[in-house]
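Read the structure below first, then the notes.
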There are 2 protein chains.
Amino acid sequence: MTLDDVARRAGVSTATVSRVLNDAPSVRPATRSRVLKAVTDLNYLPNEHARTLAGGRSRVLGLLVSNIENPFFLDIYHALEDAARTLAHEVVVASTGYVPEHLASSIQHMRARRLAGIAVIVSEIDADLAGQLVHSGMPTVFYDAPRLDRMPPNIAADYRTGMHRCVEYLRGLGHRRLAFVGHHTSLYPLNARQAHFVEIVAKARPALEYRIETSDDSPEGGRLATRALLASGFRPTAIVCVNDFMAIGVVRELLDQGLGVPRDVSVTGFDNIGLSSYTSPRLTTLDIPRARIGTTMCDLLVPEAPGHTGRPTDIVITPELIVRESTGVARS
Amino acid sequence: MTLDDVARRAGVSTATVSRVLNDAPSVRPATRSRVLKAVTDLNYLPNEHARTLAGGRSRVLGLLVSNIENPFFLDIYHALEDAARTLAHEVVVASTGYVPEHLASSIQHMRARRLAGIAVIVSEIDADLAGQLVHSGMPTVFYDAPRLDRMPPNIAADYRTGMHRCVEYLRGLGHRRLAFVGHHTSLYPLNARQAHFVEIVAKARPALEYRIETSDDSPEGGRLATRALLASGFRPTAIVCVNDFMAIGVVRELLDQGLGVPRDVSVTGFDNIGLSSYTSPRLTTLDIPRARIGTTMCDLLVPEAPGHTGRPTDIVITPELIVRESTGVARS
DNA sequence: TTGTACGCGTTATCAT
DNA sequence: ATGATAACGCGTACAA
């Protein structure tokens, strides 16, 4: 089923069919409808590959995330997709699962497909890969990108301020023994949230005790990290989690060990995913506006986007503290 | 950056470069490495569009789901992707959000891309669209497909038995006033789980009271449905949810209204998503083996798959009841 | 073993 | 307004 078939059936040339399909201006209404009829009769659909090959342009955006199971990424995906849809663009996702090899191969695939642009939200990307991407000529936008020489547009969250708010809030509640539950990540960059946690906690006076435990980015990971934490004998009065997704498992394990939340241990998440207000107790967390991130990425990537500015804009998002039920005054 | 550039740099013809890239047998090691060097020097990546256009085949599978936010679908996606990866295939997802227009356009896109195959898990698909898909010639596999004349491979869950197990279990616990919380769905087919619930409950002796409420497929939907349910004055002692995702919101709303789960109201989910054992209380649910579904779909779609059988296999999955903490004896 | 040349299905540039 | 036809970048018979 090709253009030729349609052309033959409509008694016109392929050029005309192509014009109709791309609603070019000059086509007589009569022929136009003849062509359209042939198209539906034959249930014809243009070959996308031939199309982008001949036309040169693609209307597909790529999104690269670390872990699509985490609702945080899913939300960004949705926002991006919605924004893209209004611009007649599609978006394809690839989740690396924090596996560097998957990251590399996903990038290959996206480059091979000559996408219209690519949005990257993978904390484990190194400067090398990022640079390669940028130099490949594809429009690229990063969220939390590593520092690059030729900076591409970047959207950054001010995790330092966010973490500061979180720790200060807990200190105000009287917490002096804190734990951080993070997730494994390949070295680049050392997880910003964790780094800032350490920095801030280390500076606090009077001094705070703290401990760090890491595991997979999942509820199960949160549970395992908490189990290890408690098994070590350390008794935190508050656990700061790298994100809500893991916090769900942290709370679960605490409960399973007979610890009340927040009666015995306070727990904070990060991201403010939808689920965080459905757990019991509801999670205290820091909000990161995923929708805005997704929309902004689309703006940055697609020239036809309403919010598109040619120059590489740097955008900074400051996480807001959302106090709910999982935190309370420290048990004395 | 094209084959030509590489060929020129390596001092060979494009045909030879192509051979190297597709590791064809007869290429002298010396020239092979010359070509490979040129490729890396130029950071060359074959144009996927030209490739599938010329070669005719595509190594990309499509997955069509109703709501990728629901972990149920996400799990299938992952299983499918993992299986596909071992066969050097990619998979692209499209989530319709239960919007028929999105479904149609996603199908268009996938057909346009001449994918190697397409897996469909959208309850809202009608026989018309399904038929169109099958007749388009693309290898297709359905999960819970509408009945078709020319049956494509289909994977079905025996919801009737599953729902029967669920209702019988609740009856055994003394529940006589049941509610069903389902999700909106375009007509085709009337949600099987709901239909079976009604059928089974209506037959039960002594007679059961029941009521149905529907909303979006999300925790928020579950919450809203429950709110409406209670506002109506109906006092179920047990709520059967169409899936775990909504059940999360159902439990939340119950708790918010001061009702204990399962003390005052028992709640059952469906699917046995990972989250269902992280909520408090843990959800009693019916297990559906998502991983198996994803793997099987890959087997059915890809000829090179180990489990591939030429003939359209019909597979039936029977949901297993998993009893956890959200159900208990009916309050007298 | 390697090169030449045609075809894949479409868009776009000329003519007409 | 419409029709030829040359790209687009690659795979692959067919030759050499």
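Order of the sequence lines sets the chain letters (A, B, ...), proteins ahead of strands, with each chain counted from 1. Values in this document were obtained by computation on a predicted structure and should not be read as measured data.
- Among the atoms of the strands shown, base atoms are found under 4.0 Å from some heavy atom of B/Ser26.
- In terms of phosphate contacts, B/Thr16 brings no side-chain nitrogen or oxygen within less than 4.0 Å of OP1 or OP2 of C/dT1.
- Closest contact between the side chain of A/Arg19 and the listed nucleotides D/dA4, C/dT4, C/dT1 involves D/dA4.
- OP1 or OP2 of C/dG3 lies within a sub-4.0 Å distance of a side-chain N or O belonging to B/Ser13.
- Contact annotation: B/Ser18 side-chain N/O to D/dG11 OP1/OP2 distance is under 4.0 Å.
- The interatomic distance linking A/Asn47 (CG) with D/dC8 (P) rounds to 18 Å, in whole Å.
- When distances are taken from the side chain of B/Ala15 to each of C/dG9, C/dT2, D/dT12, the shortest belongs to D/dT12.
- Here the side chain of A/Thr96 pairs no donor or acceptor atom with the backbone of A/Leu103 at under 3.5 angstrom.
- Not a single donor-acceptor contact under 3.5 angstrom links the side-chain atoms of B/Arg57 to the base of D/dG11.
- Across all strands, B/Val17 comes closer than 4.0 Å to no nucleic acid atom at all (heavy-atom distances).
- When the P atom of C/dT1 is taken as reference, atom CZ of B/Arg32 falls 12 Å away, rounded to whole Å.
- Remark: P of D/dC10 and CE of B/Met1 are 10 Å apart, rounded to the nearest angstrom.
- Remark: C1' of C/dT10 and CZ of A/Arg59 are 16 Å apart, rounded to the nearest angstrom.
- Comparing A/Thr14 and A/Arg28, the nucleotide of DNA chain D nearest to each residue sits closer to the 5' end for A/Arg28.
- A close approach under 4.0 Å does not occur between any side-chain nitrogen or oxygen of B/Thr52 and OP1 or OP2 of C/dC8.
- Between the P atom of D/dT2 and the CG atom of A/Asn22 lies a distance of 16 Å, rounded to the nearest Å.
- The shortest distance between side-chain heavy atoms of A/Val91 and A/Val60 does not fall below 4.5 Å.
- Rounded to an integer number of Å, the gap from A/Arg51 CZ to D/dG9 P is 18 Å.
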B/His109 vs A/Glu48, test: side-chain hydrogen bond (donor to acceptor under 3.5 Å, both in side chains). Steps then yes/no.
CA-CA 8 Å; B/His109 281 134; A/Glu48 184 67 23; over 6 Å; no
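- Without hydrogens or angle criteria, B/Arg59 side chain to B/Ala88 main chain gives a donor-acceptor distance under 3.5 Å.
- Considering only the side chain of A/Ala54, C/dT10 comes nearest among C/dT2, D/dG11, C/dT10.
- In this structure, the CG atom of A/Leu53 is 9 Å from the P atom of D/dC10, given to the nearest Å.
- Rounded to whole angstrom, the span from the CG atom of A/Leu3 across to the C1' atom of C/dT10 amounts to 6 Å.
- Summarising the geometry, atom OG belonging to B/Ser33 is positioned 10.0 Å from atom CZ belonging to B/Arg28; distances are rounded to the nearest 0.5 Å.
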